[in-house]
K.L.:
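Have a look at this one before I ask anything.
First the proteins, then the strands, lettered A, B, ... as listed; each starts at 1.
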Amino acid sequence: MLDIRLIREHPDDVKAGLRRMGADTEAIDIVLKFDELRRKIETEVSAMRNQRNQGSKEIGKLKDPEERESRKTEMRLLGDRISQSEEELNRLNTEQRTLMLTIPNLPLPEVPNGHDESDNVVTRTIGAPKSFPFPPKPHWDVGTGLDILDIERGVKISGSRFYVLKALGAALQRALITWFLDVHVMEQGYTEIYPPFVVKRECLIGTAQLPKFEDNLYHDIEDDFWMVPTAEVPVTNLHRDEILDGSQLPLRYVAYTPCFRREKMSAGRDVRGIKRGHQFDKVEMVKICRPENSMEELDSLLANAEDLCAKLEIPYRVVKICAGDKTFSNMIQYDLEMHAPACGDSPKGEWLEVSSCSNFGNFQARRANIRFRTEPGAKPEYPHTLNGSGLALPRVMIAILENYQNEDGSVTIPQVLRKYMHGLDVIRKA
RNA sequence: GGAGAGAUGGCUGAGUGGUCGAAAGCGGCCGCCUGCUAAGCGGUUGUAGGGGUGUUAAGCUCUUACCCCGGGUUCGAAUCCCGGUCUCUCCGCCA
């Protein structure tokens, strides 16, 4: 959520930021109108309440029963007026908040201009796309050929966009998860978290999936549980409604969770293979830090994710996302994309997003009411939150199956994963 | 799932209609004292919103709301009533 004071005092800057994202600016004018009216009524209500509080105190001290009764009547009338204004005030408060929750975070000045994917900036490419002495097969052929991926049965049991990993396919994914976590925890200093995979609605408001992106979430109506679309949600919300001690910061967490997405917004996209499913696994890093450190923390977050790509020895690139393509709630975003030689429509293969690393500023902290004190006794402030995948499993699986495939249909296991696969070095047809 | 108990400030814990934004203790902060340490003494110490003043600063000041959440009764609610949530104990069930 943006700071209402920022909107109040610098509406033109806010609108300019929204325009860079191709977002609507009329919400700003509406919010400002609400805000003005809201403050006016709030002042009135406060004054009336004050009058009532004073009056009630006096009634308590009055001896004369007649005078007492007449004051009571007076106060009763005042009470009715207060109730009316309170109702109005409540309405304005909720309406203003509801609207505020739909306004996206503003891009930082260094975020490149642009309105879609094609305007993103590739900042560096590490390793060249691999060339093969034979025509590389797409992962769905590699995987089904080895009988480690079963898309048809996934569809049979759960519908489209579900798949089954089998035998060494399942083991490979499990090895990746464990290795990712080990690197983040043992080499990079993150604290591992095992969170619930369903959360309350407030959590999703906190990290800004709700109210705007309800369409993309699975929801259990009976208990009002929401299945997590990313570990960002439960992990960031660990500290919802808390005032942290500044000496605890930065907090650096990592969590593995399945992620559940309805993918309504991507209907028809990426239907082939395992690139975009309703359920996928991901290891996610989450940081909560002091505002002044958040850009360095973003750099190290990105470096931590990149480290995994590099160690897997798969070509990847770093993409700076433009203002029009960044997500709703961040203020700057970098994506990591691994190369998959046989995926997609182009003979050159496709760059697959395996990680998205973002700095959210205090946007989520405001929504989730996460605060900290720089020192004991100081005023609470909003910290910055960040998160980044480290990494998303299906795309890494794709990249491994396609990059490490051999002409005979087998797949070489990346060096770093072998000790997580009992020393196995190649996946062959059983 | 059944029965009972409970939810008060950073923590412990008092408070059953006005004198309560809330005793007391602990902790924190500031100062004093002390050769060091330990102890001692004094003061201070919740969050959020709005108004005024001030350079849209610091600050000062007035005020409102908040004693789990939401309603209700009342001139007035931490306190009474209703609904809900959560926690604990016991029983049941269970990977």
Side-chain angles (χ1 to χ4, degrees), chain A residues 1-14 28 31-101 194 196-206 220-226 234 237-249 291 362 365-383:
Chain A
M1 197 154 52
L2 297 179
D3 186 350
I4 183 64
R5 267 166 286 199
L6 179 73
I7 298 178
R8 209 138 73 192
E9 286 157 26
H10 305 283
D12 295 334
D13 295 349
V14 172
I28 298 304
V31 162
L32 284 170
K33 272 211 201 92
F34 271 123
D35 185 53
E36 201 186 332
L37 188 57
R38 194 208 89 228
R39 284 185 304 165
K40 179 173 162 265
I41 294 184
E42 186 163 343
T43 308
E44 288 169 9
V45 168
S46 286
M48 283 193 283
R49 281 172 173 162
N50 179 232
Q51 210 181 324
R52 177 174 66 184
N53 288 346
Q54 301 301 329
S56 295
K57 263 184 202 162
E58 284 165 27
I59 289 173
K61 290 174 191 151
L62 287 177
K63 298 268 163 35
D64 178 19
E66 218 169 283
E67 202 185 343
R68 218 176 145 103
E69 281 315 307
S70 86
R71 287 307 299 272
K72 277 197 192 181
T73 315
E74 204 180 294
M75 285 298 121
R76 199 175 301 132
L77 291 173
L78 178 61
D80 292 344
R81 282 203 287 143
I82 293 175
S83 304
Q84 275 177 24
S85 298
E86 274 175 343
E87 219 169 279
E88 172 84 351
L89 183 60
N90 285 340
R91 213 197 79 232
L92 287 168
N93 270 329
T94 42
E95 283 193 46
Q96 181 174 331
R97 181 171 162 83
T98 305
L99 197 52
M100 291 282 288
L101 289 175
Y194 168 80
F197 298 163
V198 293
V199 295
K200 299 198 228 181
R201 165 183 250 112
E202 295 91 294
C203 295
L204 289 147
I205 291 170
D220 164 56
I221 296 168
E222 260 188 321
D223 293 319
D224 198 23
F225 275 144
W226 298 73
N237 278 281
L238 285 174
H239 299 291
R240 182 159 50 85
D241 291 325
E242 288 185 19
I243 299 178
L244 301 163
D245 182 344
S247 64
Q248 291 173 265
L249 303 182
N362 62 26
R366 276 179 191 285
R367 290 178 159 243
N369 193 29
I370 302 168
R371 289 172 294 170
F372 77 103
R373 291 183 213 275
T374 34
E375 54 194 85
K379 276 268 162 233
E381 296 176 38
Y382 291 111

K.L.:
Once you apply the 3.5 Å cut-off to both distances, tell me the Watson-Crick or G-U wobble partner of B:U73, or none.
P.N.:
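Its partner is none (no Watson-Crick or G-U wobble pair with both distances under 3.5 Å).
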K.L.:
Pick base, sugar-phosphate or nothing for A:R5, based on heavy-atom distances below 4.0 Å to the nucleic acid.
P.N.:
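Sugar-phosphate, backbone atoms only, no base.
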K.L.:
Run A:D224 and A:K200 through side-chain contact (heavy atoms from CB on, under 4.5 Å) and show every step you take.
P.N.:
CA-CA 7 Å; A:D224 198 23; A:K200 299 198 228 181; over 6 Å; no
K.L.:
A:E44 has an atom CD; how far is it from atom C1' of B:G49, in whole Å?
P.N.:
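To the nearest whole Å, that distance equals 16 Å.
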K.L.:
In whole Å, measure the gap between the C1' atoms of B:A48 and B:G9 for me.
P.N.:
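Comparing C1' positions in B:A48 and B:G9 gives a spacing of 15 Å.
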K.L.:
Using the P atom on both, measure B:A24 against B:U44 and round to a whole Å.
P.N.:
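So the two P atoms sit 11 Å from each other.
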K.L.:
Go through A:R97 and A:I205 one step at a time and tell me if the side-chain contact (heavy atoms from CB on, under 4.5 Å) criterion holds.
P.N.:
CA-CA 11 Å; A:R97 181 171 162 83; A:I205 291 170; 4.1 Å; yes
K.L.:
A:R373 CZ to B:C29 C1': how many Å, rounded?
P.N.:
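Spelled out: CZ on A:R373 to C1' on B:C29 is 12 Å.
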K.L.:
If you check the A:P380 side chain, which of B:U56, B:G18, B:A48 turns out closest?
P.N.:
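For A:P380, the side-chain atoms sit closest to B:A48.
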K.L.:
Can you check whether A:R49 has a side-chain N or O nearer than 4.0 Å to OP1 or OP2 of B:G49?
P.N.:
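Looking at the OP1 and OP2 atoms of B:G49, neither is under 4.0 Å from any side-chain N or O of A:R49.
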K.L.:
Here's a test of your reading of the structure: between A:I243 and A:R52, which maps to the more 5' nucleotide of RNA chain B?
P.N.:
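Per heavy-atom nearest nucleotide, the more 5' residue is A:I243.
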K.L.:
On a whole-Å scale, what distance lies between the C1' atoms belonging to B:A77 and B:G70?
P.N.:
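Between the two C1' atoms, the distance is 15 Å.
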K.L.:
With respect to the side chain of A:M75, which nucleotide from B:G49, B:U47, B:C75 is positioned closest?
P.N.:
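Selected nucleotide: B:C75.
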K.L.:
Which nucleotide wins on minimum distance to the side chain of A:S56, given the candidates B:A48, B:G50, B:G18?
P.N.:
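My answer, after comparing the listed nucleotides, is B:G18.
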K.L.:
Using purine N1 to pyrimidine N3 plus N6-O4 or O6-N4 for Watson-Crick, or N1-O2 and O6-N3 for G-U wobble, both under 3.5 Å, which nucleotide pairs with B:U85?
P.N.:
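With both distances under 3.5 Å, B:U85 matches B:A7.
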K.L.:
Just do the salt bridge (charged side-chain N to carboxylate O under 4.0 Å, His left out) check on A:R91 and A:E95 with the steps written out, would you?
P.N.:
CA-CA 6 Å; A:R91 213 197 79 232; A:E95 283 193 46; 3.0 Å; yes
K.L.:
Please measure how far the P atom in B:U8 lies from the corresponding atom in B:U64, and state the result in whole Å.
P.N.:
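So the two P atoms sit 26 Å from each other.
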K.L.:
For A:F197, does the CZ atom have more than 12 heavy-atom neighbours from other residues, nucleotides or ligands under 6.0 Å away?
P.N.:
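Buried by this count: over 12 neighbours within 6.0 Å.
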K.L.:
Hunt down the Watson-Crick or G-U wobble partner of B:A23, both distances under 3.5 Å, from any strand shown, or write none.
P.N.:
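Partner of B:A23: none.
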K.L.:
Expressed in whole Å, how much space separates the P atoms belonging to B:A39 and B:A5?
P.N.:
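Looking at atom P only, B:A39 and B:A5 are 43 Å apart.
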K.L.:
Find the distance A:E202:CD to B:G70:C1' and express it as a whole number of Å.
P.N.:
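From A:E202 CD to B:G70 C1': 14 Å.
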K.L.:
Does a nitrogen or oxygen in the side chain of A:K379 sit under 4.0 Å from OP1 or OP2 of B:A48?
P.N.:
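Yes, such a contact exists.
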K.L.:
Taking the P atom in each of B:G17 and B:A57, what is the distance between them to the nearest angstrom?
P.N.:
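B:G17 and B:A57 have their P atoms separated by 46 Å.
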K.L.:
NZ of A:K40 versus C1' of B:U63: gap in Å, rounded?
P.N.:
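Going from A:K40 (NZ) to B:U63 (C1'), I get 18 Å.
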K.L.:
Okay, side chain of A:Q248, backbone of A:D245: is any donor-acceptor separation there less than 3.5 Å?
P.N.:
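Flag set: sc A:Q248 to bb A:D245 pair under 3.5 Å.
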K.L.:
If you measure from the C1' atom in B:G13 to the same atom in B:G6, how many Å do you get, rounded?
P.N.:
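To the nearest whole Å, 14 Å.
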K.L.:
Can you identify which nucleotide, out of B:U19, B:G51, B:U63, has its nearest atom closest to the A:K57 side chain?
P.N.:
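Of the options given, the side chain of A:K57 lies nearest B:U19.
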K.L.:
Looking at B:C75, I'd like to know if its phosphate oxygens (OP1 or OP2) sit under 4.0 Å from a side-chain N or O belonging to A:R71.
P.N.:
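So the side-chain polar atoms of A:R71 never come under 4.0 Å of the phosphate oxygens OP1 or OP2 of B:C75.
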K.L.:
Write down the distance between CG (A:D245) and C1' (B:G27), rounded to a whole number of angstrom.
P.N.:
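Roughly 13 Å, once rounded to whole Å.
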K.L.:
OP1, OP2 of B:U63 versus side-chain N and O of A:N53: anything below 4.0 Å?
P.N.:
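Answer is no, no contact under 4.0 Å.
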K.L.:
Please give the nucleotide sitting opposite B:C67 as a Watson-Crick or G-U wobble pair, both distances under 3.5 Å, or none.
P.N.:
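By the stated definition (distances under 3.5 Å), nothing pairs with B:C67.
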K.L.:
So, is A:R8 near the phosphate of B:U56, with a side-chain N or O under 4.0 Å from OP1 or OP2?
P.N.:
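Result: no.
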K.L.:
Check for a donor-acceptor pair, side chain of A:R68 on one end and backbone N or O of A:L62 on the other, with a separation under 3.5 Å.
P.N.:
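Yes; judged by distance alone, with no hydrogens or angles, the pair exists.
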K.L.:
Could you check how far CD of A:E86 sits from P of B:A65, rounded to whole Å?
P.N.:
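Distance check: A:E86 CD to B:A65 P gives 8 Å.
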K.L.:
Partner of B:U37 by Watson-Crick or G-U wobble geometry, both contacts under 3.5 Å, or none?
P.N.:
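Across all strands, not a single nucleotide pairs with B:U37.
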K.L.:
Is B:C29 paired to anything, Watson-Crick or G-U wobble with both distances less than 3.5 Å, and if yes, which nucleotide?
P.N.:
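Matched B:C29 with B:G43 under the 3.5 Å cut-off.
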K.L.:
Partner lookup for B:A57, please. Criteria are Watson-Crick or G-U wobble with both distances under 3.5 angstrom; report none if nothing qualifies.
P.N.:
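The base-pairing partner of B:A57, which may sit in any strand shown, does not exist here.
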K.L.:
Once you round it to whole Å, what is the distance between C1' of B:C75 and CG of A:L78?
P.N.:
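Value for this atom pair: 10 Å.
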K.L.:
So what's B:G92 paired with, Watson-Crick or G-U wobble, going by both distances under 3.5 Å?
P.N.:
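In the structure as shown, B:G92 has no Watson-Crick or wobble partner.
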K.L.:
Of the nucleotides B:C75, B:U63, B:A48, which has the atom closest to the A:N50 side chain?
P.N.:
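Of B:C75, B:U63, B:A48, B:U63 is nearest to the side chain of A:N50.
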K.L.:
Give the rounded distance in Å between these two atoms: CZ of A:R39 and C1' of B:A48.
P.N.:
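Going from CZ in A:R39 over to C1' in B:A48 covers 16 Å.
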K.L.:
Take A:R39 and A:D35 through the salt bridge (charged side-chain N to carboxylate O under 4.0 Å, His left out) test and state the conclusion after the steps.
P.N.:
CA-CA 6 Å; A:R39 284 185 304 165; A:D35 185 53; 3.6 Å; yes
